[in-house]
Amino acid sequence: MRRIARLLSAALPAFLILCTPLPASADDAAEQAQIARDKEDAVDRVAQSHDETLITSTAALIVKQISLRLARDLLADWGKAENLGPGWKAGNAHWMQAEAALMRETVSTRLATVSKDAWVKEIRRQYVSTTFAGEEADTIATHFETESGKAQVAMLDWFMGETTLFNYTFAGRFQYDLNGAEAELKALQKAANARIPAKDNELQFSTKYREGFQFIACSPDSPYCPGVKYARLLAIPLQGAIIRHIDDVAREVEKDMRSRRELVAPFIDAFKAGR
């Protein structure tokens with residue numbers, strides 16, 4: 001027994017050495033870095049394949065309308081607190097100057113930001129990166145470079161833009177005839193008219209765009225079929241993130257605008273002096 005114990009004791013260090021994992025080599029680290037870069041590139045290609053115009057145009061319209069209604073509500077409340085009477089209303093020169101000042105100081109910069117697509121692209125990158133492996137993202141990006149893929153992207157972009165506006169229409173936060181937001185409404189209408197999808201039915205689409213049909217007509221559980229998974233991502237999580245971002249911008253405007261009573265004080269004083 002003692003002899004066996006001595007043999008085991010002598011063999012233990014060598015056994016531990018064999019069982020200890022070797023440190024990653026420089027080649028392994030370089031390979032992992034390349035894999036990460038390839039995934040980042042594929043994710044960016046997916047994001048860049050989309051036209052965000054309908055989303056950003058809707059965002060600009062909604063932020064403008066929410067801000068205008070808030071500015072008018074605040075001016076009415078502040079005028080009531082100052083006992084300005086019925087003459088203090090939209091259309092009065094001093095009111096209009098106060099409204100313009102509020103919009104300029106609290107909305108203009110944020111409106112310019114949501115009108116650009118950088119924030120939408122960043123949301124897309126985040127969700128695609130956390131949802132798909134590099135090879136899956138590359139499969140999606142490569143498909144979207146084909147004729148059938150481009151046709152599918154156009155429809156996806158249309159429905160996401162439509163859903164974004166529908167969210168605010170259904171919630172009563174979009175007003176078609178709100179004064180002051182005509183430019184943003186016309187910009188959205190112009191963008192939408194240029195992007196109305198072709199009226200292809202399912203049979204025509206599957207015949208004309210066979211690759212596009214195969215991209216979605218497969219098991220969503222298959223690692224080689226990311227199309228259905230991607231459509232689900234757009235329909236719920238990513239769509240929700242876009243709406244939350246627009247709402248966050250609106251809340252920023254509200255917080256900022258409510259703190260600007262002193263900004264409109266000169267216009268209120270001028271109104272009082274002219275009565």
Side-chain angles (χ1 to χ4, degrees), residues 13-56 59 113-161 163-164 195 205-206 208-246 248-249:
F15 177 75
L16 291 176
I17 291 173
L18 290 174
C19 292
T20 301
L22 295 174
S25 67
D27 289 343
D28 290 337
E31 182 180 359
Q32 292 303 313
Q34 185 61 51
I35 291 173
R37 286 194 297 270
D38 289 343
K39 178 178 179 178
E40 183 178 355
D41 176 71
V43 167
D44 186 64
R45 285 163 52 217
V46 173
Q48 294 301 331
S49 66
H50 288 274
D51 176 5
E52 317 295 3
T53 304
L54 293 179
I55 292 175
T56 56
T113 300
V114 298
S115 297
K116 299 176 182 177
D117 67 5
W119 64 274
V120 189
K121 297 298 186 191
E122 182 57 29
I123 290 173
R124 287 195 190 276
R125 292 188 191 95
Q126 290 175 2
Y127 276 79
V128 172
S129 181
T130 56
T131 305
F132 296 97
E135 291 185 4
E136 292 177 310
D138 181 68
T139 298
I140 296 169
T142 300
H143 172 66
F144 285 163
E145 293 169 357
T146 67
E147 181 183 1
S148 60
K150 290 176 182 178
Q152 284 180 315
V153 169
M155 288 192 291
L156 291 170
D157 292 343
W158 171 267
F159 288 122
M160 288 198 72
T163 302
T164 303
R195 292 168 173 80
F205 188 92
S206 62
K208 184 177 181 181
Y209 301 119
R210 188 173 301 276
E211 291 180 356
F213 186 76
Q214 293 173 345
F215 185 68
I216 56 173
C218 52
S219 171
D221 298 323
S222 170
Y224 304 104
C225 184
V228 176
K229 187 177 179 181
Y230 186 69
R232 288 177 177 176
L233 174 68
L234 299 189
I236 302 177
L238 202 147
Q239 182 73 69
I242 287 170
I243 292 171
R244 286 194 299 274
H245 181 88
I246 297 171
D248 287 344
V249 174

Exercise. Is the number of heavy atoms from other residues, nucleotides or ligands under 6.0 Å of Glu135 CD greater than 12?
Worked result: no
For this session: Could you tell me the separation between the OG1 atom of Thr163 and the CG atom of Leu234, rounded to the nearest 0.5 Å?
Result: 10.5 Å
Exercise. Can any side-chain N or O of Lys121 pair as donor or acceptor with the backbone N or O of Glu52 at less than 3.5 Å?
Worked result: no
Exercise. Are Leu238 and Arg124 side-chain neighbours, meaning at least one heavy-atom pair lies under 4.5 Å?
Worked result: yes
For this session: Decide yes or no on side chain to side chain contact (heavy atoms under 4.5 Å, CB included) for Val120 and Met160, but give the supporting numbers first.
Result: CA-CA 12 Å; Val120 189; Met160 288 198 72; over 6 Å; no
Seminar exercise, completed: For Arg244, the salt bridge (Lys or Arg N to Asp or Glu O under 4.0 Å) test, sequence neighbours excluded, returns none
Exercise. For the atom pair CD1 (Ile55) and CD1 (Ile242), what is the distance rounded to the nearest 0.5 Å?
Worked result: 3.5 Å
Exercise. Is the backbone of Thr139 close enough, under 3.5 Å, to the side chain of Thr142 for a donor and an acceptor to pair up by distance?
Worked result: no
Seminar exercise, completed: What one should report as the nearest heavy-atom pair of Ala141 and Ala42 is CB-O, 3.9 Å
For this session: Would you kindly say whether Asp28 and Gln32 are connected by a side-chain donor-acceptor distance under 3.5 Å?
Result: no
Problem set entry | Pairwise side-chain contact, Phe132 with Val46, heavy-atom cut-off 4.5 Å (strictly under) | no
For this session: State whether Arg125 and Glu122 are salt-bridged, where the test is any N-O pair (Lys NZ or Arg NE/NH1/NH2 against Asp/Glu carboxylate O) under 4.0 Å.
Result: yes
Exercise. If you measure from the Lys or Arg side-chain nitrogens to the Asp or Glu carboxylate oxygens, is any gap between Arg195 and Asp157 under 4.0 Å?
Worked result: no
Problem set entry | pair His143-Gln152: side-chain heavy atoms closer than 4.5 Å | yes
Exercise. Nearest heavy-atom pair of Phe144 and Gly149: which atoms, and what distance?
Worked result: CD2-O, 3.7 Å
Seminar exercise, completed: Nearest heavy-atom approach of Val153 to Ser49 is CG1-O, 3.3 Å
Problem set entry | Residues Gln34 and Arg37: side-chain donor-acceptor under 3.5 angstrom | yes
Problem set entry | Side-chain heavy atoms of Phe215 within contact of Ile140, under 4.5 Å | yes
Exercise. If you take all heavy atoms of Val128 and Ala137, which pair is closest and at what distance?
Worked result: CG1-CB, 4.4 Å
Problem set entry | Closest approach of Leu54 to Gly161 (non-hydrogen atoms, all atoms of both residues) | CB-CA, 3.9 Å
Exercise. Going through the distances and angles, do Glu31 and Ile35 end up as a side chain to side chain contact (heavy atoms under 4.5 Å, CB included)?
Worked result: CA-CA 6 Å; Glu31 182 180 359; Ile35 291 173; 4.2 Å; yes
For this session: For Ser129 and Gln126, indicate whether the former's side chain and the latter's backbone hold a donor-acceptor pair under 3.5 Å.
Result: no
Seminar exercise, completed: On a heavy-atom basis, the closest approach of Thr56 and Asp117 is CG2-CA, 3.9 Å
Problem set entry | Rounded distance [0.5 Å steps], CD in Gln48 versus CG in Asp44 | 4.5 Å
Exercise. Between Arg45 and Asp138, does a salt bridge (charged side-chain N to carboxylate O under 4.0 Å, His left out) hold up when you go through it step by step?
Worked result: CA-CA 8 Å; Arg45 285 163 52 217; Asp138 181 68; 2.8 Å; yes
Problem set entry | Parallel, tilted or perpendicular: rings of His245 and Trp119 (30°, 60°) | parallel
